[in-house]
Chemist: 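So that we are looking at the same thing, I have put the structure below in structure tokens.
If you're wondering where the values come from, they're calculated on a predicted model, not measured in any experiment. Below, chains carry the letters A, B, ... as their sequence lines are ordered, and counting in each starts from 1.
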2 protein chains.
Amino acid sequence: MESKERIMEEFRRKGFRATPQRIVIAQIVLKSKDHPTAEQIYQAVKKKYPTLSPATVYQTLHLLTEIGLLQELGFSDRVSRYDPNASPHINIICRNCGKIQDYQAESIKGLWSQIIMELGFKPIGQRLDIYRHCDQCQANMHNNQVL
Amino acid sequence: MESKERIMEEFRRKGFRATPQRIVIAQIVLKSKDHPTAEQIYQAVKKKYPTLSPATVYQTLHLLTEIGLLQELGFSDRVSRYDPNASPHINIICRNCGKIQDYQAESIKGLWSQIIMELGFKPIGQRLDIYRHCDQCQANMHNNQVL
DNA sequence: TCTTAAGTAATAATAACTCTTAAATAAGTT
DNA sequence: AACTTATTTAAGAGTTATTATTACTTAAGA
Ligand SMILES: [Mn+2]
Ligand SMILES: [Mn+2]
Ligand SMILES: [Zn+2]
Ligand SMILES: [Zn+2]
């Protein structure tokens with residue numbers, strides 16, 4: 001799901017044009033592991049495509065979300081983050097620094113399908129967040145207490 | 001967790017003043033069942049307390065979140081919704097109209113404790129969303145197709 | 001009652017995101 | 001290869017939920 005050809009095919013199959021801007025943005029975001037913001041994606045893409053505008057980034061991220069290759073995660077600070085993994089998994093999120101890490105275990109699949117069965121309908125998506133303070137932030141907090 | 005006295009006690013216990021504004025806002029939001037927005041809470045509170053300002057609503061909602069009586073749910077449309085149920089449960093959310101309905105089943109507790117055990121740390125919160133199109137929206141969509 | 005740190009209301013400021021539009025172009029067609 | 005056109009892009013203006021600022025008010029302890 002990361003090669004240029006695969007991405008072009010995916011856009012065209014859904015009836016959208018495979019423009020160089022879209023391809024570069026898709027390549028960057030689909031291989032990302034840290035749930036980047038639109039701004040972070042824009043900064044990364046600009047290196048390969050300096051004339052690109054932020055509006056194109058936003059449009060393309062929405063398009064990728066629409067065709068199911070991406071999940072947009074809204075937060076209360078009003079800055080969305082983008083997750084190339086749209087299948088059921090847990091996002092472990094630090095409430096202090098915002099770092100997000102995926103937790104995808106076999107056990108979740110089983111437990112999840114059981115809940116879906118109970119619900120009695122087929123969801124079109126899901127979002128499973130667990131909040132904590134990451135090791136680094138916990139260490140920092142401790143240091144600040146000591147000082 | 002809804003009586004005036006209980007709410008006043010809770011504010012004071014955490015070192016905050018129990019002002020009439022805070023009490024009215026807390027009463028409204030803590031008994032809500034439909035995950036209201038700040039604006040909806042403001043409109044409801046204004047009826048009982050007409051001079052109240054939106055800034056006070058925002059501040060109080062943040063305060064209630066901080067002391068653990070409320071959970072703020074951020075969305076990609078940048079409008080947060082507030083959930084008086086901060087314990088592990090599933091929010092069934094309509095992607096079309098935004099309606100949110102709680103699903104709290106015994107089975108979730110089991111799923112939850114098993115995942116916590118696997119993770120090896122104690123979370124400070126969680127968010128479990130399932131997305132769908134609600135019955136009403138599904139009916140509307142169907143009608144529009146037919147017309 | 002007095003004192004004062006904390007809280008409120010009003011208003012201005014912020015910023016992520018969306019809208020608008022003229023110019024550019026992907027991708028078919030000849 | 002040139003032509004055609006609907007789609008897409010870049011730039012800038014606009015939107016709006018939320019936050020910051022500040023002068024006035026008040027809860028609550030002494
Ligand atoms: Mn993820
Ligand atoms: Mn809920
Ligand atoms: Zn952290
Ligand atoms: Zn609906």
Chemist: Linking I/L/V/M/F/W/Y whenever their side-chain heavy atoms sit closer than 4.5 Å, directly or via other members, would B:Phe121 and B:Trp112 fall into one cluster?
Modeler: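 Per the 4.5 Å side-chain linkage, B:Phe121 and B:Trp112 are co-clustered.
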Chemist: If the cut-off is 4.0 Å, is A:Thr56 near the phosphate of D:dT9, judged by side-chain N/O to OP1 or OP2?
Modeler: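 Result: no.
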Chemist: Would you grab the first and last nucleotide of DNA chain C (5' to 3') that comes under 4.0 Å of any non-hydrogen atom in chain A?
Modeler: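 The footprint of chain A covers C:dA16 to C:dA27.
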Chemist: Does any N or O in the side chain of A:Thr56 come within less than 3.5 Å of the main-chain N or O of A:Leu52, such that one atom is a donor and the other an acceptor?
Modeler: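 Checked: no pair found.
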Chemist: Atom CD of B:Glu9 and atom C1' of D:dA28: how far apart are they, to the nearest Å?
Modeler: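 Taking atom C1' of D:dA28 as the reference, CD of B:Glu9 is at 15 Å.
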Chemist: Of all the heavy-atom pairs spanning B:Val29 and B:Ser32, show the shortest one and how long it is.
Modeler: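 Shortest heavy-atom separation between B:Val29 and B:Ser32 comes out as O-OG, 2.8 Å.
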Chemist: Give a yes or no on whether a salt bridge exists between A:Arg6 and A:Glu9, defined as a side-chain N under 4.0 angstrom from a carboxylate O.
Modeler: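 No, no charged N to carboxylate O under 4.0 Å.
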Chemist: With A:Arg127 as the cation and A:Phe75 as the aromatic partner, state whether NZ or CZ is under 6.0 Å from the six-membered ring centre and within 45° of the axis.
Modeler: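 Output yes; distance and angle both within limits.
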Chemist: Measure from OH on B:Tyr49 to P on D:dT25 and round the result to the nearest Å.
Modeler: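 The distance from OH of B:Tyr49 to P of D:dT25 comes to 13 Å, rounded to the nearest Å.
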Chemist: Roughly, in whole Å, what's the span from CZ in A:Arg12 to C1' in D:dT8?
Modeler: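 Roughly 14 Å, once rounded to whole Å.
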Chemist: Can you tell whether the side chains of B:Asp129 and B:Arg132 come within less than 4.0 Å, N to carboxylate O?
Modeler: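 Salt bridge between B:Asp129 and B:Arg132, a charged N being under 4.0 Å from a carboxylate O: no.
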Chemist: By nearest heavy atom, map A:Leu63 and B:Gln21 onto DNA chain D; which one lands nearer the 5' end?
Modeler: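 Nearer the 5' end of the strand: A:Leu63.
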Chemist: Between the protein and nucleotides 19-21 of chain D, list the N/O to N/O atom pairs that are separated by less than 3.5 angstrom.
Modeler:
unit_1 : atom_1 : unit_2  : atom_2 : d
D:dT19 : OP2    : B:His62 : NE2    : 3.4

Chemist: Does A:Glu118 CD have over 12 foreign heavy atoms under 6.0 Å away?
Modeler: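 Correct, the count exceeds 12.
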Chemist: For B:Gln136, is the CD atom crowded, meaning more than 12 foreign heavy atoms sit under 6.0 Å from it?
Modeler: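 Atom CD in B:Gln136 is not crowded, with 12 or fewer foreign heavy atoms closer than 6.0 Å.
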Chemist: Is the base of D:dA6 touched by the side chain of A:Arg17 through a donor-acceptor pair closer than 3.5 angstrom?
Modeler: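 Looking at the base of D:dA6, it does pair with a donor or acceptor on the side chain of A:Arg17 (distance under 3.5 Å).
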Chemist: Start at the 5' end of DNA chain D and walk down; is the nucleotide closest to A:Leu52 or to B:Ala18 reached first?
Modeler: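 Counting from the 5' end, the first nearest nucleotide belongs to A:Leu52.
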Chemist: NA contact type, B:Ser80, heavy-atom cut-off 4.0 Å: base, sugar-phosphate, or nothing?
Modeler: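 Since only primed, P, OP1 and OP2 atoms lie under 4.0 Å of B:Ser80, the category is sugar-phosphate.
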Chemist: Have a look at A:Pro50 and say if it touches a base, only the backbone sugar-phosphate, or nothing, with a 4.0 Å heavy-atom cut-off.
Modeler: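 Result for A:Pro50 = nothing.
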Chemist: Quick one: B:Tyr42 OH to D:dT16 P, roughly how many Å, whole number?
Modeler: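 Value for this atom pair: 17 Å.
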Chemist: Sort out for me which residue in A:Asp83, A:Val79, A:Ile93 forms a side chain to side chain contact (heavy atoms under 4.5 Å, CB included) with A:Leu73.
Modeler: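 For A:Leu73, the side chain to side chain contact (heavy atoms under 4.5 Å, CB included) check succeeds only for A:Asp83.
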